[in-house]
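Just below is one structure, and these are the notes that go with it.
Each chain gets a letter, A, B and so on, in the order its sequence line appears, and its residues count up from 1.
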Amino acid sequence: MSASAAAIAADVRAGTRTARAVVEEHLAAIDAREDEIHAFNLVTADAALARADDLDRRIAAGEDPGPLAGVPVALKDNICTRGVPTTCSSRILDAWRPPYDATVVERLGAAGAVAIGKTNCDEFAMGSSTENSAFGPTRNPLDTSRVPGGSSGGSAAAVAAGFAPLALGSDTGGSIRQPAALCGTVGVKPTYGRVSRYGLVAFGSSLDQIGPLAASVTDAALVLEAIGGHDPRDSTSIPEPSPDLTGVLGGGVDGLRIGIIDELMGEGVEGIAADVKARVEEAAAALSAAGAAVEHVSVPSTVYGLSAYYLVAPAEASSNLARFDGVRFGLRVDADTAAAMNTATRTAGFGDEVKRRIMLGTYALSAGYYDAYYGKSQKVRTLIQEDFGRAYETYDLLLSPTAPTTAFPLGDKTGDPMLMYLNDVCTIPSNLAGHPSMSVPFGTGDDGLPIGVQVLAPALDEATMFRAAAVLEEAAP
Amino acid sequence: MSDGMGERVSDAIVPGWEVVIGLEVHAELATATKLFSTARNEFGGDPNTNVDPVSLGLPGSLPVLNEKAVELAIRVGLALDCEIGRSVFARKNYFYPDMPKDFQISQYELPINGRGHLELPDGRTVGIERAHLEEDTGKSTHVGGGGRIHEAGHSLVDYNRAGVPLIEIVGAPDLRGPEDARAYVAELRAILVAIGASDGKMEEGSMRVDCNVSVRREGAAEFGTRCEIKNINSLRSLGRAIEYEARRQVDLIEAGEAVQQQTRHWNEDEGRTHTLRSKEEAYDYRYFPEPDLVPVDPSDEWIDEIRATLPALPRERRHRLAEAAGVDTAAAALTVERGMDDLAVDAIAAGADAARVLVHVDNNLADGAGRLTADAFAALVAMEVGGDLTATQAKTVLADLVASGGDPAAHAATHGFEAMDTGELESLVDRLIADHPDDWAGFVGGDDKERKKKSGFFVGQVMKATQGQADGRIVNELLERRAAGG
């Protein structure tokens, strides 16, 4: 793996290394292994080199391009990039070029970062293995017979393979944290509203958040500082400045109260592997050794999270994905009437999982079913928020596994959607509550593949979450 | 539903049947930019020039609420005495090429304006059920196949209108005939224009009316099954469509059939409605709260600030003039509609006869008051009432005052208008009586109708002889006196 983002930016800003050299080095890494991994839908090599040269000129002229000067960053392919194809790994958007940059892309640019390419993902971010991409699966760089997780599997794989020190993903039910865990990287889902969604192609609007994937806690903090903060173009954006994270990372956990969520350790949800539980207990012990008071706590309604999520997210998706109708952009399959053209386009353009979720969501919102499905899921959501609220009266942070198992073989779960959905059982509650949480690598499983521990925090308290993450990173075996 | 309309006898289209009408009016709000983006809100313009990623529903774009649109919606709510409160945007999901996101952002369970009411010129009130904010769609042009989407060769879509802010004002089923419906729409339009919420131009589509019509036998307590009529583009077609639809429904029931709940399309050229879709084919809009927007909860302070900037509304102006003139609000309506109520109230305050003032406004000032001042108006009416000017002369002088202002006495002098000597007039009347004995006999001995006819004849003869200088009122008095033997 290459040098950290923090180290690269320090060298580039000091003029001891050129941005061009950094970008060339990463392009060489991509050349060496991309055929095998397929982390990217598109590598924007020429644009990245031109951007690096521009940065180098500015630095030579005495300018400071910012805290991410010269650092290559890989962008999940559902984040809009001006003039650069943004496909969501779907045929329906094949070759669509947005006329604008997402807010996060603008902000990374303003911090001096270099966009190096668009990463593969499950189609429209719907999946947990990156096998639902219209352009073929991404493989886990640590064992190419295994999946990288998903839906931000390309971003996680790009960081794990050393293709880019930093990547952005999006997380609707665990799509940053679960692949981060499976690829052995850090992955952060910020508080809902912390990072602007302007320019993120929507999946579940009330759940979606953009966040960083990085090789270290410090690097993830740098990215979140750069992309966070209020954006008037997103009405759900929180009117707060971006939090100071790098300044508090060394704060430790002495005196913090931390609860391990019983239900997510197998006393409520099924399928949490023994080696995963063992690593979480070891992580808890490490936090305890660093001065935190750690104990087990029940957050009962978390067990209903998965069921509620698979109503809320598809319902919103069924509406969000209606606009892919062949009229204004992307794929069009011609037919005799407008309605027939819509149907033909959507039939040809969407993959099976996307169609499944549109059907689910349409049904959940239908007259006569709304109260029983969408209405009830909203009540469960409120319950989960209340349960977390109660837990945070006692605890500063909560702890759980990120994913039930280590990376699984390709094809292992594609035949059974329910089995695939269970991958997100530990990550979904944070999305439903709108709270921040992150995955930190902590040792490996019996198969030698990485395991992630999830740190959960109350809304807007990313700072405390990052302090604990830094302790875990330091203590990790 | 309001209780103000209950007593009225409907202007029956089919005797024995009552028509029940409820209107849904969409008005485009007069903002500079769209409801959820900074693209311009402007009528006309080349197709697809007033667009941006939000107007086109591009992936990744997000709506941001236009505060000015909320303010205008609150103005509407205040003007219609609505309950104004916390509101939530909702998505109304259906596929149509001119709707960029294939859902419309509207308000469903919690509209910004709840129940209110509107007062018609004659003083009756019509209930308002809600007045909510929503975005407009684009416009489709179907090329070939007679302009209908099903037969078109291809369709063109212009998204300039997509995302323009609309207020949808849902009226209660309180209206009972085409006249009611037209009066309601005219009053609503006057209110929207007065408060600066909309330009109210039906011909440019900035105000659109959907009409729910049902019929029931007079005296029946239950409403009949209703049909919703779309594509009504003028007050005239509104009346025609209601008449057609009411007759159609009565015919069906009288033929022993049932009215089916339907959405129907008004065809202006054919003068009839066609089935657009039945209840079974109605869309399931799958409404749910719009997750990309936060609830709107206007503070009492803000609402009060907006209230303080509202101008006097048409109904307040009618009441003020009616009180000043000693007439009912219906008699004051036209003066208010012409925006001459301040002039009339001031002229009356300056001593003018109120009835004459309103007659002049209604009959002689259709093209505006020009340079006419309240004082000159009062002086003119005083001359007329005092017998210094005949009605015809007063009309001439009034036209001068409108055109060039100034003093009525001076204009009268310029025309050489002088009051006729009563003695002169008496001998003229006596001579006419003598010259036309048959007509005189008709006047003296005829019924009311005949008497009126003959009085008209003699007045006309006098006017002819005096070239309009005589005062018709005085001629009538003379005729009455002679007939009574005086």
Side-chain angles (χ1 to χ4, degrees), chain A residues 78-80 86 88 93 96 98-103 124 193 196-202 204-208 231-237 312 315-316 318-330 337-339 341-343 346 361-370 374-375 378, chain B residues 36-38 48 51-66 89-105 108-109 138 140 142 145 148-157 159 162 282-296:
Chain A
N78 61 353
I79 296 171
C80 288
T86 300
C88 299
L93 270 180
W96 178 62
Y100 62 97
D101 275 331
T103 296
F124 285 102
S196 171
R197 293 182 294 118
Y198 184 78
L200 171 68
V201 181
S205 306
S206 73
L207 304 160
D208 296 341
D231 177 13
R233 290 179 294 189
D234 174 358
S235 307
T236 62
S237 163
V312 176
E316 293 180 2
S318 71
S319 175
N320 284 330
L321 271 59
R323 71 189 66 197
F324 301 99
D325 57 8
V327 176
R328 289 161 309 279
F329 43 76
T337 67
M341 183 275 283
N342 289 161
T343 304
R346 292 166 67 81
T362 302
Y363 190 75
L365 289 174
S366 293
Y369 299 97
Y370 182 93
Y374 190 76
Q378 292 297 345
Chain B
F36 299 117
S37 77
T38 54
N48 298 311
V51 293
D52 61 0
V54 176
S55 307
L56 295 174
L58 294 189
S61 65
L62 291 172
V64 176
L65 181 59
N66 181 339
F89 285 97
R91 292 188 184 178
K92 181 179 181 177
N93 295 285
Y94 64 100
F95 283 88
Y96 204 80
D98 63 20
M99 203 164 55
K101 302 180 294 297
D102 291 294
F103 61 79
Q104 179 190 29
I105 304 178
Y108 185 53
E109 284 181 343
S140 299
H142 306 298
R148 293 174 65 102
I149 186 168
H150 300 298
E151 296 124 39
H154 65 279
S155 298
L156 300 170
V157 193
Y159 294 101
Y283 296 120
D284 177 358
Y285 291 121
R286 291 174 282 120
Y287 282 102
F288 72 104
E290 166 56 277
D292 287 331
L293 291 165
V294 294
V296 183

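- Nearest heavy-atom pair, A/Ser319 versus B/Arg91, reported as atom, atom and distance to 0.1 Å: OG-NH1, 3.0 Å.
- Between chain B and the options A/Gly204, A/Ser206, A/Gly199, heavy-atom pairs under 4.5 Å are most frequent for A/Gly199.
- Looking at B/Phe288, the atoms closer than 4.5 Å to chain A (heavy atoms on both sides) sit in the backbone and in the side chain alike.
- When each of A/Asp234, A/Thr236, A/Thr103 is checked for a side-chain contact (heavy atoms from CB on, under 4.5 Å) with B/Leu62, only A/Asp234 meets the rule.
- Interface summary for chain B: among A/Ala364, A/Gly326, A/Ser235, A/Ala202, the most heavy-atom pairs under 4.5 angstrom belong to A/Ser235.
- For A/Arg328 (side chain) and B/Gly57 (main-chain N/O), no donor-acceptor pair under 3.5 Å exists by modelled atom type.
- Nearest heavy atoms, A/Val201 versus B/Pro59: CG2-CB, 3.8 Å.
- Remark: the backbone N or O of B/Leu58 is paired with a side-chain donor or acceptor of A/Arg323 at under 3.5 angstrom.
- When all heavy atoms of A/Ala367 and B/Asp284 are compared, the pair lying nearest together is N-OD2, 2.8 Å.
- In the displayed structure, B/Phe95 atom CZ is contacted under 6.0 Å by more than 12 heavy atoms of other residues, nucleotides or ligands.
- Contact of B/Tyr287 with chain A is made through the backbone alone, with heavy-atom distances under 4.5 Å.
- Proximity to chain B is limited to the side chain of A/Phe329, based on heavy atoms less than 4.5 angstrom apart.
- Between A/Arg197 and B/Pro291 the shortest heavy-atom distance is NH2-O, 4.2 Å.
- In terms of heavy-atom pairs under 4.5 Å with chain A, the best-connected choice from B/Pro100, B/Pro53, B/Ser61 is B/Pro100.
- Ranked by heavy-atom pairs under 4.5 Å with chain B, the first of A/Ile79, A/Leu321, A/Asp325, A/Asn342 is A/Asp325.
- A/Tyr374 and B/Pro289 make their closest contact through CE2-CD, 4.1 Å (heavy atoms, listed as atom of the first residue, atom of the second, distance).
- Counted within 6.0 Å of OH on A/Tyr369, heavy atoms from surrounding residues, nucleotides or ligands total 12 or fewer; the atom is thus considered open.
- Between the side chain of B/Arg286 and the backbone N or O of A/Thr362, no donor-acceptor pair lies under 3.5 Å.
- The parts of A/Asn320 that come within reach of chain B are both its backbone and its side chain, each placing non-hydrogen atoms under 4.5 angstrom from that chain.
- Contacts of A/Pro98 with chain B are absent, with no heavy-atom separation under 4.5 Å from either backbone or side chain.
- Shortest non-hydrogen contact noted between B/Gly60 and A/Cys80 is CA-SG, 4.5 Å.
- Contact annotation for B/Asp292: both backbone and side-chain heavy atoms come within less than 4.5 Å of a heavy atom of chain A.
- With values rounded to the nearest 0.5 angstrom, A/Ser205 atom OG is found 10.0 Å from B/Leu293 atom CG.
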